[in-house]
Amino acid sequence: LNSIDEEISVTEEQMAEVSAEIVELDKQLQEAWQQEKDRYELLKLRMQSTYENGGSKGLVRLLLESGSMKELLTTFEYINAIVAYDKRKISELKAIQDDIEAKAAVVAEKEAELDAYQEQLDEKHQELTDLTGVVKGQLNTTNNSLSSQKNKLNDYNQKLAELDKKMKALEAKTAAAQAALAQQIADRLARTKENR
């Protein structure tokens with residue numbers, strides 16, 4: 001019983017640790033989802049702005065409308081910076097989504113681990129219940145046996161008391177018979193002496 005009780009305590013501690021990990025992972029997951037939502041909204045606004053300004057045609061038009069070589073290079077650098085920024089934001093969004101998938105997988109794994117601990121705990125509780133039933137059965141059997149033995153002992157004690165009483169009565173009768181016999185012998189001896 002002590003061993004099973006200790007195993008239950010250990011399992012409950014492990015469950016508490018895994019539950020705390022799940023709570024922390026859920027918190028991180030919520031933060032990642034919010035971050036993904038924010039990045040997606042920014043990216044959506046950026047794409048909408050690009051589309052409204054003519055998309056890639058608008059960027060080509062900016063290059064063609066450049067008046068000088070310096071203006072063309074400046075515009076080209078500006079367009080490269082915009083494209084690099086868009087790529088970086090798309091990569092960041094993808095990284096956040098990958099992080100969310102990884103965290104969701106860890107949460108699922110931890111929940112499976114928690115379920116396994118719960119099953120183990122249920123088994124231990126059942127084992128404890130079964131063992132308690134066995135121990136109670138054995139205790140009842142032992143108590144019944146002890147009660148039976150106690151009753152037998154009481155019967156023996158009562159019989160011994162009765163035998164002791166009978167023995168004392170017999171001893172008293174024997175002593176009385178011996179005294180009477182001694183008296184008779186003494187009376188005969190006294191008569192025999194008188195007759196002579």
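All residue numbers refer to positions in the sequence shown, counting from 1. No experiment lies behind these values; they were computed from the predicted model shown. FYI, side chains are in, hydrogens and waters are out, and symmetry mates aren't considered; it's all heavy atoms of this structure.
- Side chains of Leu146 and Lys150 form no contact here, defined as non-hydrogen atoms less than 4.5 Å apart.
- Taking 4.5 Å as the limit, some side-chain heavy atom of Gln118 sits within range of a side-chain heavy atom of Leu121.
- Between Gln34 and Lys37 the shortest side-chain heavy-atom distance falls below 4.5 Å.
- Note on Lys168 versus Asp164: salt bridge recorded, some NZ/NE/NH1/NH2 to OD/OE distance being below 4.0 Å.
- The hydrophobic clustering, which links ILVMFWY residues whose side-chain heavy atoms are closer than 4.5 Å, places Leu189 and Leu181 together.
- Between Glu36 and Arg39 there is no salt bridge, since no side-chain nitrogen of the basic residue lies less than 4.0 Å from a carboxylate oxygen of the acidic one.
- Between the side chains of Glu6 and Asn2, not a single donor N or O lies within less than 3.5 Å of an accepting N or O.
- If you check the side chains of Asn154 and Gln158, you find no donor sitting under 3.5 Å from an acceptor.
- Within the 4.5 Å cutoff, the side chain of Leu153 has no heavy atoms near those of the Gln149 side chain.
- Contact record, Ile100 with Leu29: O-CD1, 3.6 Å, taken as the closest heavy-atom pair.
- Smallest separation of non-hydrogen atoms from Leu114 and Met15: CD1-O, 3.6 Å.
- A pairwise comparison of heavy atoms in Tyr117 and Thr11 identifies O-CG2, 3.5 Å as the closest pair.
- Using a cutoff of 4.0 Å between basic side-chain nitrogens and carboxylate oxygens, Lys124 and Glu127 are scored as salt-bridged.
- Looking at Thr129, its side chain does come within 3.5 Å of a backbone N or O of His125 through a donor-acceptor pair.
- Minimum heavy-atom separation, Asp99 to Ala32: OD2-CB, 4.3 Å.
- In the model, Gln28 has a side-chain atom that pairs as donor or acceptor with a side-chain atom of Glu24 under 3.5 Å.
- Contact check for Leu42 versus Lys89: no side-chain heavy atoms found under the 4.5 Å cut-off.
- The side-chain heavy atoms of Ser147 and Asn143, taken from C-beta on, include no pair separated by under 4.5 Å.
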Report task. Step by step, work out the salt bridge (charged side-chain N to carboxylate O under 4.0 Å, His left out) result for Lys159 and Glu162. Result -> CA-CA 5 Å; Lys159 286 178 182 174; Glu162 289 172 9; over 6 Å; no
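- Here Lys94 pairs with Asp98 in a salt bridge; the nearest charged N to carboxylate O distance falls below 4.0 Å.
- Judged purely by atom type and a 3.5 angstrom limit, Thr142 uses its side chain to pair as donor or acceptor with the backbone of Gln138.
- Asp26 places a side-chain heavy atom less than 4.5 Å from the side chain of Ile22.
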